[in-house]
Amino acid sequence: MIRIMLAEDDEIMRITIQDRLQKYNWQVDVATDGKEAIAMLDRNSYRVILSDVRMPNLDGMALLQHVREVAPYTDIIMMTGYGNVESGIACLQQGAADYLLKPFDMDDLVIRINRILAVQNLKARNISLEDHCRQQQQQLIGSGPAMQEVYRLIEQAAPSDASILITGESGTGKELVAEAIHSASKRRKQPYIRLNCAAIPEGLMESEMFGHEKGAFTGAVKQKIGKFEMANGGTLLLDEIADLPLALQPKLLRVLQERELDRVGGNRTVKVDVRIICATAKDLSVEVEKGNFRQDLFYRLRVIPIKLPPLRFRKEDIPELTQHFLHHFSLKRGVAMSLAPEAMARLLDYDFPGNVRELRNILERTSVLAQEPTIGLADLPSDLRGKEMIHDSNQSLVLAEALARTEKKVILKALNKAGGVRQDAAELLGISRKNLWEKMKLYAIQTN
Ligand SMILES: Nc1ncnc2c1ncn2[C@@H]1O[C@H](COP(=O)(O)OP(=O)(O)OP(=O)(O)O)[C@@H](O)[C@H]1O
């Protein structure tokens, strides 16, 4: 429920405004002077404060200054009397969101509050869009059986609010899967926020997750909203969850169980409604055995587990991924890039310890550096060209066969197109004449 504070010393005015605003299902707490308002601000979070300028004990300007310091996410509308436009402008200069000259129309007040709430919603949405933008143009690619299973799990998991644990080696697309789940869920129009548990110093993690109040610790000069509150109504991805400090794990468990949290240095409880997705490249059950991760939290987080296979176990997706990334980099470079068959063969033979991220990086680098629009073997990084390639025995045997068949087909096609002229066929294939000759021998291809 949207919470609004009304600070006004005039009783009739107070009752009239409160009655009217409550009709919109807003919770309206009233304060009779500035001091009382400050005390209430310590106990609760408000989206909007509506304050009179002239009040006993502590006036509206002092309250405004206090709110700006301790609650930067709360907007304040000032009510000034006697047609005092200068005072209204002074309020805006001090950081008020708006002002109203008394006497004012109640409809006008409601419109202004709604406008402020809309801007607040936009700001929250903006934070989540920034996160989205990073991933823009990034969709999950791969139609092999392993990815089909992943899509099936995403589809099944998305509609519920159950916690999801995505595991998989680095670069297998865990973040993309988390985003796909959010986008397919009923929360898709709400914020999607990401928090990397490994990237934040341990001492700052609690405030990053749950926020803090002004003065909670040295350096906490302003109130800060944590990622949980930012994600309210939406989804929070806790990336690298295995790195969440042990001391914070009970606090995360509490949010999951009670759906409420305490900001650091705060003495009030904030209700949150957030769907949690966790991702990790580590085996969490091993971390539990080692005593680095709480078992109760582990079970709570892995209600739906999704395991992403490494790229070397789904090599069938490499051509499709390659095409997808090359298309993207071609647009960036303004040249239609393609991959020579033997370069593709090398990619298919490589084990990609860095998974899809490594494939993407290789293609990005080569599409920038390659002299010709066709990326050849020589354009690939040395660890792909050289003997250092890591072989996965059974897998590459099956692939080698499939590859050989494809390569033979492509060569025959090129020779056919070139009317049997080897030099032209070699050029079409983007390989040397000698290389073509060797391959023709290998595949027992004859030309007249
Ligand atoms: N199936 C996929 N289709 C398209 N792109 C993918 C796929 N999987 C991964 N990527 C790309 O690979 C890169 C790494 O993906 P992502 O960050 O999701 O991996 P991750 O598993 O979260 O890695 P880490 O554990 O290192 O954070 C990104 O650029 C992403 O777009």
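Remember, it's 1-based here, ligands and their atoms both numbered in the order they're listed. Nothing fancy with the numbering, it's 1 onward along the sequence.
A donor-acceptor contact under 3.5 angstrom links the side chains of Arg47 and Asn121, judged on distance only.
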N/O donor-acceptor pairs under 3.5 Å from side chains in residues 288-295, not counting sequence neighbours:
{"unit_1": "Asn292", "atom_1": "ND2", "unit_2": "Glu287", "atom_2": "OE1", "d": "3.0"}
{"unit_1": "Arg294", "atom_1": "NE", "unit_2": "Asp296", "atom_2": "OD1", "d": "3.0"}
{"unit_1": "Arg294", "atom_1": "NH2", "unit_2": "Asp296", "atom_2": "OD2", "d": "2.7"}
{"unit_1": "Gln295", "atom_1": "NE2", "unit_2": "Tyr299", "atom_2": "OH", "d": "3.3"}

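Within ligand 1, counting atoms from 1 as listed, the ones closer than 4.0 Å to a heavy atom of Phe325 are 5 (N). The Glu169 neighbourhood of ligand 1 comprises atoms 21 (O), with distances under 4.0 Å to a heavy atom of that residue. For ligand 1, the atoms lying closer than 4.0 Å to a non-hydrogen atom of Arg360 are 29 (O). Close approach of ligand 1 to Glu175 (heavy-atom distance below 4.0 Å) involves ligand atoms 17 (O), 18 (O), 22 (O).
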For this session: Could you go through the side-chain hydrogen bond (donor to acceptor under 3.5 Å, both in side chains) check for Glu240 and Asn196 one step at a time?
Result: CA-CA 6 Å; Glu240 318 274 9; Asn196 187 331; 4.5 Å; no
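Considering backbone and side-chain N/O atoms, Thr172 comes within less than 3.5 Å of an N/O atom of ligand 1. Checked against a 3.5 angstrom limit, the closest N/O atoms of Ile141 and ligand 1 fall inside it. The N/O atoms of Leu176, backbone and side chain alike, include one that comes under 3.5 Å of an N/O atom in ligand 1. Checked against a 3.5 angstrom limit, the closest N/O atoms of Arg357 and ligand 1 fall inside it. At a 3.5 angstrom cut-off on N or O pairs, Gly173 counts as close to ligand 1.
Atoms NE2 and CG, on His324 and Leu363 in that order, are 10.5 Å from each other to the nearest 0.5 Å. Interatomic distance, CE of Met147 versus OH of Tyr151, reported as 4.0 Å (0.5 Å rounding).
Residue His324 does not touch ligand 1, judged by heavy-atom distances below 4.0 Å. Counting heavy atoms under 4.0 Å from ligand 1, residue Asn355 does not touch it at all.
For the ligand labelled ligand 1, residue Gly171 lies inside the 4.0 Å heavy-atom shell. Within the structure, ligand 1 has Leu321 among the residues with a heavy atom less than 4.0 angstrom away.
Screening Arg275, Arg259, Arg187 against Asp161 for a salt bridge (charged side-chain N to carboxylate O under 4.0 Å, His left out) leaves a single residue, Arg187.
With sequence neighbours excluded, the residues forming a salt bridge (charged side-chain N to carboxylate O under 4.0 Å, His left out) with Asp317 are Arg314, listed by chain and number.
Of the possible donor and acceptor atoms, none in the side chain of Arg263 sits under 3.5 Å from a partner among the backbone N and O of Thr269.
For the pair Leu50/Leu21, a side-chain contact is recorded, criterion being any heavy-atom separation below 4.5 Å from C-beta on.
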